[in-house]
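These notes are about the structure you will find just below.
When reading the values below, keep in mind they use all heavy atoms of this one structure, side chains included, and skip hydrogens, waters and symmetry mates.
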Amino acid sequence: MFINQISVFMENKKGRLSSLTRILAENKIDLVALSIADTADYGIMRAIVNRTEEAERVLRQAGFMVSTTKVLGVVVPDSPGGLADVLDIFTQGDISVEYLYSFVRNQGRNALIMFKVSPCDKAVELLRSHGIELVTQQQVNSL
């Protein structure tokens, strides 16, 4: 039910992201989803990859600061209010959303949104009790 996400902290300078993605490519690690946030000096790439442990290992060997985090992959109706409904469930259940990013969108059907929430186990129970579908690491890797 939880999906492993790598977070890579890197200097915000020309070529650094290119270097990171080249390392993944050379090791046949597929970027399944990603989000990048930056400041003037540093950026954080959050990514779902097909081989989390290998990605973490090769990026560390190349001098990148890497951590792994558990996130939830939540199936959200791709219609106005779909995301708002899921966020309302979290609010009513006293779940904090630290961040989220969109993963897959199929017009008129469903979107897959990655959520970093706290507390995680309570969020899973709450979503299931409302009939909200969660996806597994294996399902994400096969998309």
Side-chain angles (χ1 to χ4, degrees), residues 1-90 93 95-143:
M1 84 191 78
F2 294 108
I3 296 168
N4 292 316
Q5 169 194 272
I6 60 169
S7 296
V8 185
F9 303 90
M10 63 187 135
E11 292 174 291
N12 192 2
K13 66 179 189 179
K14 185 177 178 178
R16 197 67 173 144
L17 182 59
S18 176
S19 173
L20 183 153
T21 57
R22 178 59 48 208
I23 291 165
L24 295 177
E26 288 170 352
N27 286 277
K28 300 190 182 346
I29 297 169
D30 191 22
L31 280 166
V32 180
L34 74 129
S35 170
I36 299 175
D38 72 319
T39 65
D41 297 322
Y42 290 92
I44 301 173
M45 182 189 82
R46 294 182 173 110
I48 309 299
V49 296
N50 65 332
R51 296 173 27 232
T52 306
E53 291 177 10
E54 179 71 5
E56 191 172 7
R57 184 184 65 76
V58 298
L59 290 172
R60 281 185 191 207
Q61 285 177 342
F64 287 95
M65 293 176 43
V66 184
S67 64
T68 303
T69 306
K70 302 284 186 194
V71 294
L72 294 176
V74 180
V75 176
V76 176
D78 187 13
S79 59
L83 178 58
D85 291 344
V86 172
L87 292 171
D88 286 346
I89 292 169
F90 285 146
I95 302 295
S96 296
V97 176
E98 295 180 29
Y99 58 83
L100 63 89
Y101 53 97
S102 181
F103 175 64
V104 176
R105 181 177 183 183
N106 298 312
Q107 187 63 32
R109 294 182 15 207
N110 293 313
L112 179 56
I113 308 288
M114 297 296 164
F115 286 91
K116 172 68 172 98
V117 296
S118 178
C120 290
D121 292 332
K122 182 179 176 185
V124 168
E125 291 174 23
L126 189 62
L127 291 172
R128 286 184 173 162
S129 73
H130 283 82
I132 304 293
E133 182 182 352
L134 301 172
V135 296
T136 65
Q137 182 83 50
Q138 184 177 11
Q139 289 170 309
V140 167
N141 289 347
S142 69
L143 294 173

Spacing of [X] atom [atom1] and [Y] atom [atom2] [to the nearest 0.5 Å]:
X: Leu127; Y: Ile89; atom1: CG; atom2: CD1; result: 6.0 Å
X: Leu20; Y: Leu31; atom1: CG; atom2: CG; result: 8.0 Å
X: Glu11; Y: Ser19; atom1: CD; atom2: OG; result: 11.0 Å
X: Ile113; Y: Leu87; atom1: CD1; atom2: CG; result: 9.0 Å
X: Leu24; Y: Leu59; atom1: CG; atom2: CG; result: 5.0 Å
X: Leu34; Y: Leu17; atom1: CG; atom2: CG; result: 8.0 Å

Tyr42 ring centre to Arg16 NZ or CZ under 6.0 Å, with the angle to the axis within 45°?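 No cation-pi geometry.
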
Do Arg46's NZ or CZ and the ring of Tyr101 fall within the cation-pi criteria of under 6.0 Å and 45°?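 Output no; distance or angle outside limits.
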
Minimum side-chain heavy-atom gap [X]-[Y] below 4.5 Å:
X: Val140; Y: Met114; result: yes
X: Gln137; Y: Ile48; result: yes
X: Leu100; Y: Val71; result: no
X: Val75; Y: Val135; result: yes

Can you tell me if CD on Gln61 sees more than 12 non-hydrogen neighbours from other groups inside 6.0 Å?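 Above 12, so yes.
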
Nearest atoms (heavy-atom pairs only) where [X] meets [Y]:
X: Val74; Y: Val86; answer: CG1-CG1, 4.3 Å
X: Asn4; Y: Lys70; answer: OD1-NZ, 2.6 Å
X: Asn27; Y: Arg51; answer: O-NH1, 3.0 Å
X: Ile44; Y: Ser7; answer: CG2-CB, 4.4 Å
X: Arg128; Y: Leu134; answer: NE-CD1, 4.3 Å
X: Asp30; Y: Asn50; answer: N-OD1, 2.7 Å

Give the C-alpha distance, both sets of side-chain angles, the deciding distance and a yes or no for salt bridge (Lys or Arg N to Asp or Glu O under 4.0 Å) between Arg57 and Glu53. CA-CA 6 Å; Arg57 184 184 65 76; Glu53 291 177 10; over 6 Å; no

As a quick check of understanding, evaluate side-chain contact (heavy atoms from CB on, under 4.5 Å) for Asn110 and Asp78, giving each step before the final call. CA-CA 5 Å; Asn110 293 313; Asp78 187 13; 5.5 Å; no

Start with the C-alpha distance between Phe64 and Val58, add both sets of side-chain angles, then the distance that settles side-chain contact (heavy atoms from CB on, under 4.5 Å), and finish with yes or no. CA-CA 9 Å; Phe64 287 95; Val58 298; over 6 Å; no

Step by step, would you call Leu72 with Phe2 a side-chain contact (heavy atoms from CB on, under 4.5 Å)? CA-CA 5 Å; Leu72 294 176; Phe2 294 108; 3.4 Å; yes

